[in-house]
Amino acid sequence: MIRQIITYPDKRLFMRSNEVECFDKELHTLLDDMYETMRAKNGIGLAAIQVAVPLRALIINLPDEEGKQHKEDLLELINPVIIESKGTQVYTEGCLSVPEYYDDVERAEWVRVEYHDRYGNKKRIETDGLLAVAIQHEMDHLNGHLFIEKLPYLKRKKFEKEWKKKKKAAKAKG
Ligand code: QAP
Ligand code: CO
C-alpha cells in the first residue's frame, strides 16, 4: 500500500524516532509499504518518519549504472548506528519530504554501520560514496534532522524564500 509522505515543515520530521523492539509482521508491512511508496515517488531512500511512523527504520535502493533500480539491491536498516566514519564528500541531495529542492551537503566519505535486518539479525556494512551519503541522510531523519538544516545560513534563507513562494503559488492555484 502506498502511504502519504509528510513534507517540510511538518513538526513530526523534527522528532527523534524510537527503537524498533518487535521484528514482527507489522514491521514487515511497514517496510513493504515504504518500498512501494518510495518507488511510486521516484525515491532512492526513505525513513519511516517520512510516512509518519516514528520508528528507527530506513530503506535505500540505489540505481545501477543504467539508472535502473532492482529490488534485490534493497537495503533495510533497523536501529542503525554509525560506529566509525572517515573523510568528507559533497553531494547534491534531495529529499521526498522537501520536494523539488536540491543542494550540496558535506558528509563523511566512508562509514561503518551496525544495524538489524527485518528479522532482527545483527548486520554490519562498510561503504563509501553515494551509499554512504544515503545512509547518513536517512539516519539523520531518525534523529529528526533534514538535509536543509546543514545548509549555510544564506542558502537556508534562499530555501525558505523559495519554499514560501512555492506555497503561495500552490495556494493561488487551489
Ligand atoms: C535521500 O532522496 C538521498 O525533490 C533520498 O521531487 C539524497 O530519494 C540519498 C526525490 C541524496 C542519496 C543522496 C526528491 C524525488 C527523491 C525530490 C530521495 C523529488 C522527487 C529523493
Ligand atoms: Co530525506
Side-chain angles (χ1 to χ4, degrees), residues 5-9 13-20 31 34-35 37-39 41-51 53-160 162-163:
I5 293 183
I6 61 175
T7 57
Y8 180 83
L13 290 169
F14 299 97
M15 303 203 295
R16 187 190 151 86
S17 293
N18 303 307
E19 300 273 324
V20 169
L31 291 165
M34 283 169 62
Y35 177 75
T37 306
M38 180 185 72
R39 292 302 305 268
K41 308 288 180 194
N42 292 317
I44 58 170
L46 194 72
I49 192 60
Q50 295 181 271
V51 292
V53 178
L55 286 175
R56 305 184 78 78
L58 64 88
I59 61 169
I60 292 168
N61 194 203
L62 297 187
D64 65 15
E65 315 81 54
E66 288 159 21
K68 289 208 180 88
Q69 283 165 290
H70 305 276
K71 196 164 186 185
E72 309 89 77
D73 299 331
L74 176 65
L75 274 174
E76 297 177 333
L77 276 61
I78 317 299
N79 301 338
V81 181
I82 294 176
I83 53 172
E84 207 182 328
S85 64
K86 281 188 253 190
T88 58
Q89 61 174 322
V90 175
Y91 194 89
T92 307
E93 300 189 13
C95 180
L96 285 169
S97 293
V98 190
E100 289 160 45
Y101 188 84
Y102 310 88
D103 221 326
D104 290 356
V105 174
E106 187 182 299
R107 298 194 185 271
E109 164 60 21
W110 176 93
V111 291
R112 174 177 284 152
V113 182
E114 279 182 358
Y115 64 98
H116 290 86
D117 68 11
R118 63 160 62 200
Y119 307 105
N121 300 310
K122 205 165 179 182
K123 303 264 176 168
R124 182 188 274 203
I125 187 173
E126 280 125 46
T127 192
D128 60 6
L130 178 57
L131 182 53
V133 170
I135 290 174
Q136 293 170 83
H137 175 113
E138 300 310 335
M139 282 187 66
D140 270 358
H141 279 296
L142 309 186
N143 295 323
H145 293 299
L146 298 175
F147 80 100
I148 52 168
E149 294 174 64
K150 297 182 99 67
L151 300 178
Y153 183 77
L154 285 174
K155 275 192 171 180
R156 179 66 188 266
K157 284 279 163 209
K158 181 177 141 241
F159 162 76
E160 296 296 343
E162 279 181 24
W163 199 258

Subject >> Test applied, side-chain contact (heavy atoms from CB on, under 4.5 Å); reference residue, Phe147; option that passes from Asp140, Val105, Val133 >> reply: Val105
Original post:
Taking atom CG of Asn143 and atom CD1 of Ile49, what is their separation to the nearest 0.5 Å?
Top reply: 11.5 Å
Subject >> Validation row: Leu58, His141 side chains within 4.5 angstrom (heavy atoms) >> reply: no
Subject >> Non-hydrogen side-chain atoms of Arg16 and Arg56 separated by less than 4.5 Å >> reply: yes
Original post:
Distance from Leu13 atom CG to Leu146 atom CG, nearest 0.5 Å?
Top reply: 5.5 Å
**OP:** Heavy atoms only: give me the nearest Ile82-Val113 pair and the separation to one decimal.
**Re:** CG1-CG2, 4.0 Å
Original post:
Are side-chain heavy atoms of Ser85 and Gln136 found at a separation under 4.5 Å?
Top reply: no
Subject >> Close side-chain approach of Ile148 to Trp163, heavy-atom, < 4.5 Å >> reply: no
**OP:** Report the distance from atom OH of Tyr115 to atom CG of Asn121, rounding to the nearest 0.5 Å.
**Re:** 10.0 Å
Original post:
If every non-hydrogen atom of Leu96 is compared with every non-hydrogen atom of Thr7, which pair is closest and at what distance?
Top reply: O-CG2, 4.1 Å
**OP:** Check whether any side-chain heavy atom of Pro80 sits under 4.5 Å from a side-chain heavy atom of Ile135, and report yes or no.
**Re:** no
Subject >> Considering all heavy atoms, the nearest Glu138-Ile60 contact >> reply: CG-CG1, 4.1 Å
Original post:
Do Lys150 and Glu93 meet the salt-bridge criterion of a basic N to acidic O distance under 4.0 Å?
Top reply: no
Original post:
What are the two closest heavy atoms between Leu55 and Ala48, and how far apart are they?
Top reply: O-CB, 3.5 Å
**OP:** Using a 4.5 Å cut-off on heavy atoms from C-beta on, say whether the side chain of Arg124 contacts that of Ile83.
**Re:** yes
Original post:
Is it true that atom NZ of Lys155 has more than 12 heavy atoms of other residues, nucleotides or ligands lying nearer than 6.0 Å?
Top reply: yes
**OP:** Taking all non-hydrogen atoms of both residues into account, name the closest pair between Thr37 and Leu46 and its distance.
**Re:** CB-CD2, 4.5 Å
**OP:** Supply the atom-to-atom distance Leu74 CG to Met34 CE, rounded to the nearest 0.5 angstrom.
**Re:** 9.5 Å
Original post:
Given side chains that start at C-beta, do those of Ile5 and Pro99 come closer than 4.5 Å, heavy atoms only?
Top reply: no
Subject >> Nearest heavy atoms of Gln50 and Cys95, plus distance in Å >> reply: NE2-SG, 3.5 Å
Original post:
Using a distance-only test with no angle check, is there a side-chain donor-acceptor pair under 3.5 angstrom linking Tyr8 and Glu160?
Top reply: yes
Original post:
Tyr35 versus Glu76: any side-chain heavy-atom pair under 4.5 Å?
Top reply: no
Original post:
Under the 3.5 angstrom rule, does the side chain of Glu19 hit a backbone N or O of Asn79 as a donor-acceptor pair?
Top reply: no
Original post:
Atom CG of Asp128 and atom NZ of Lys86: how far apart are they, to the nearest 0.5 Å?
Top reply: 10.0 Å
**OP:** Please check if the side chain of Gln89 supplies one atom and the backbone of Ala108 the other of a donor-acceptor pair under 3.5 Å.
**Re:** yes
Original post:
Hey, what do you get for CG (Asn61) to CG (Asp73), rounding to the nearest 0.5 Å?
Top reply: 6.5 Å
